[in-house]
Amino acid sequence: MSEQTVKQLAETVGVPVERLLGQMKAAGLPQGLEDDVVSDDEKQTLLAYLQKSNGEAKESAPKKITLKRKQTGTLKTGGGRGGRTVNVEVRRKRTYVKRAELAPEAEETPVEETLPPPVEEPPVVEPEPVVAAEPEPVPEPEPEIEPEPEVEVVAEAEVEATPDRPLTALELERARNRDLEAARKAATEQSRREDAARKEDLQRAKEQAARRAEEAAAEAKRKEQEKSAAPKETLAEQAAKVQAEVQAAEKGGKRGKDKERSGGSKPWENRGRSGRGGRRELSLKGDKRRSKRRAAMPSVDMQGGEFEKPTEFKQIEVEIGDMVGIGDLAQRMSVKAGEVIKVLMGLGVMATINQTVDQDTATLVVEEMGHVVKLVSEDALEQEHEETLKIDGDAESRPPVVTVMGHVDHGKTSLLDYIRNTRVTSGEAGGITQHIGAYHVEIPQGRLTFLDTPGHAAFTAMRARGAKSTDVVILVVAANDGVMPQTQEAVQHAKAAEVPLVVAINKMDLEGADPERVKNELSALEVIPEDWGGDTQFIPVSALTGDGIDALLEAVLLQSELLELQAVPEASGRGVVVESRLDRGRGPVSTLLIQNGTLSRGDVVIAGEFYGRVRAMLNDKGEQVDNAGPSIPVELLGLNGTPDAGDDFSVVADERRARELAEFRADKSQAQRQAMQQAAKIENMFANLGEGEKRVLKLVLKADVRGSLEAITQALADIGNDEVSVQLLGSGVGGITVSDATMAMTYGAAIFGFNVRADGAAKKLIEREGMDLRYYSVIYELIDDVKQVLSGMLAPEIREEIVGTAQVREVFRSPKFGAVAGCMVIEGIVYRNKKIRVLRDNVVIYEGELESLRRFKDDVQEVRNGLECGIGVRNYNDVREGDQIEVFETREVTRELA
Ligand code: GDP
Ligand code: MG
């Protein structure tokens, strides 16, 4: 609620723009046009002024403001002769107690009084809106009325903005109070109390609704008999009309003389007048619940107390799930969102059309507006879907899924590479299947699947999402280094996930290898070797020479036999998303691990919030396959988006169902995200308001693949305490764009690119604004940096620096060099002997060295900006036109972040 125009503010508080402008002018504010912007401070000024001018801020009793509002109006409905005049009064009284002055018990904000003593209003014996007398444009046509039964309605709106000053001031103040209060979350106690109050409200509203339901039933019956073709006007619309008329009616009401003026006393005119403030009621026979309130005010039922009600109001059964968007909610009730927002404001919730509210709040709103709530079990769709996946067929044993964990540099990648190269891709060109993220191994003793995820954090992130994807963890510990921090972490993760460990004591080929030390140190973590009487296998290996790798695989198979892993191949395929990314040529590509059943080409699949028909499936060797069974990883083409790593996927009966389910999930997660964003905002405010200097590192993070992104997000979330924290303002998969940079600029955030780069426009903006941009390719380093920044110790660092970039213009095949890229150096200098990365769409797809650097026919050591050259990349033949080859070096850089 920070910046608003005068017009918006006027809408929000429900006063005419002109009046608001007048008030603002009187308060000494500069705004003169309806499009002028009003700041929070100015709202305060206005508020203060209004309070003073309302005399409500009298020194004697400024702590408590009692507000009585009443609106009366007449509606002509039904049109023509069958029309009916409906008098509507909305009245309420609220006492607002200033929070600051309160004793703790009384701290509740809007103290609603049950009995509005309607004293000070002169009686109105005037059912007709006094339009004639008022210059205001009230669309009330009602001079010649036939003695039709008049229906009196009291819409018991608890809250509604009224176009009156005190309310304006109050609404403003309330809005502000709410905001501040949210910020000062310290008052958790208070919020609990509020909850209680809300529950009360809810209860009340529910009772009301129950009552209304009864009314509705009665009405429906009557309606049938009447068979009058009434226009379909919702209560809300009526209310809106009424409100438009209210001012006129009110003013008229106060001027007693108006009744004379309004011409001839009609027989029905006095009927239904309570004689007090012109209260008109919708009297319900047998309405006992309200009796207490009613009893205080003599009400006159019309027509011998027979109840009649405008037939036009159509009570709707509104479905409400866990969360609902305000726009949605309005739509479901066929009202404008503004109506809903108004009601919400009355409930003390400041919201915009794009926000979501929880079920309780939505219930209140719906009932407030006279409709009935139908709480839908959100998961009905999911449950139905789950039913369809019920297994039929015989369970068979399935291969184990293995994840490799361990401290950095202990040899995880080497081990995976060794296994992959010797067992899987022997003869295959490496480097073509980037990021398949998982692969399958067959040895004479059995089959295994390796999840090649970015390590612990990814494992945790997946686990946090409830995805149990790993059966066995191989814990790699370097024999020359022993147990290190991340080794401990890995043990904790595995234990928490109840996944058994097999320890690979790596680097046994080295001089200083000391397997006994590893056993000792792991025993201290309660990972006890078998030969010491424990249940964990320790296998000495060398990822360099390959010694012991077979024994390690056998050990893993042995371990998994104990787990008796089973699956039903005939069932519908389901499993977990390992990785997903957007490929320019192929569209969304997801790596899936099938955990049960079989996935086939042509199946309709839902994965997280996305769905699609399986267009193509590739195995870990990049070959097309038609079917994939339990524990098999595949790359899938055909989804309409990139699901998150750790999302479930499953086969769905048909596309329609899949779409429904996907939409449902998307809605749900959007609602949750919004709720989280709101929470984040509040926390942010809190941080700013706090006395202590909480250091909040703001980041915009982009990464090459989902898995990395989630791993980093998870790890960042774990950093921080009362004094420091990381706030992720934005994150996503793909290169860094201008919109990322703009976001970072706006909020003073640093930008981190993980295996991605900024595009040209973004780079310019970042440079111009002197923003912080950092590139990483190792999660651990990124996290470490953040920790250091937060602890205020950003020392000179060894950093990568990009020294040159070349753009691939054409690719030649040469028998001698393989693929040679004809390039133009577009930035800096390309050096023959420095490390390089290949970027495609600003995402790193390969890292390595140059095989050759030539100008014309000559080998050269460097090529400068603006010159053409031929580049061969060692071990990498997949270079394409449009790729960029980035040359970098590591050097010491002193930088200060944020
Ligand atoms: P990661 O960080 O756990 O993935 O470790 P890497 O696989 O990247 O290995 C880190 C370093 O240790 C690399 O330089 C590897 O060549 C080296 N290394 C890995 N395994 C062995 C091994 O069994 N013996 C020796 N001598 N070096 C190894
Ligand atoms: Mg590694």
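As the structure is a prediction and not an experimental result, all values here were calculated from the model. Order of appearance sets the numbers: ligands from 1, and atoms from 1 within every ligand.
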- Check step by step if salt bridge (Lys or Arg N to Asp or Glu O under 4.0 Å) holds for R706 and D647. CA-CA 11 Å; R706 281 273 170 192; D647 276 349; over 6 Å; no

- Item | Test side chain to side chain contact (heavy atoms under 4.5 Å, CB included) applied to E635 and R586, step by step | CA-CA 11 Å; E635 256 194 354; R586 297 188 292 168; 3.7 Å; yes

- Does NZ or CZ of R837 fall inside the cone over F888's six-membered ring, less than 6.0 Å from its centre and within 45° of the axis? yes

- Task: Answer with side chain, backbone, both or neither: which part of D509 has a heavy atom less than 4.0 angstrom from an atom of ligand 1?
- Result: side chain

- Item | Where ligand 1 meets S414 - atom numbers and elements under 4.0 angstrom, heavy-atom basis | 6 (P), 7 (O), 9 (O), 15 (C), 19 (C), 20 (N)

- Query: Looking at E849, E886, E889, which hits salt bridge (charged side-chain N to carboxylate O under 4.0 Å, His left out) with K834?
  - Reply: E889

- D535 atom CG: more than 12 heavy-atom contacts under 6.0 Å: no

- One finds that the ligand 1 atoms under 4.0 Å from a non-hydrogen atom of V408 are 2 (O)

- Message: Need the ligand 1 atom indices (1-based, order shown) with element for anything under 4.0 Å from a heavy-atom of H407.
- Response: 3 (O)

- Task: Check T413 against ligand 1 and report side chain, backbone, both or neither, counting heavy atoms closer than 4.0 Å.
- Result: both

- Query: Can you list the ligand 1 atoms lying under 4.0 Å from a non-hydrogen atom of L510?
  - Reply: 26 (N)

- Note on the structure: Check: of K507, K412, M508, min heavy-atom distance to atom 28 (C) of ligand 1 comes from K507

- For a side chain to side chain donor-acceptor pair (under 3.5 Å) with H410, tell me which candidate from N480, D481, N506 qualifies. D481

- Evaluate the side-chain hydrogen bond (donor to acceptor under 3.5 Å, both in side chains) criterion for residues D740 and T737: first the C-alpha distance (whole Å), next the side-chain angles of each, then the deciding distance (0.1 Å), finally the verdict. CA-CA 5 Å; D740 297 321; T737 61; 3.2 Å; yes

- For ligand 1, is there an N or O atom under 3.5 Å from any N or O atom of A543? yes

- Query: Going by the atom numbers of ligand 1, which of them fall below 4.0 Å from some non-hydrogen atom of D409?
  - Reply: 1 (P), 2 (O), 3 (O), 5 (O), 10 (C), 12 (O)

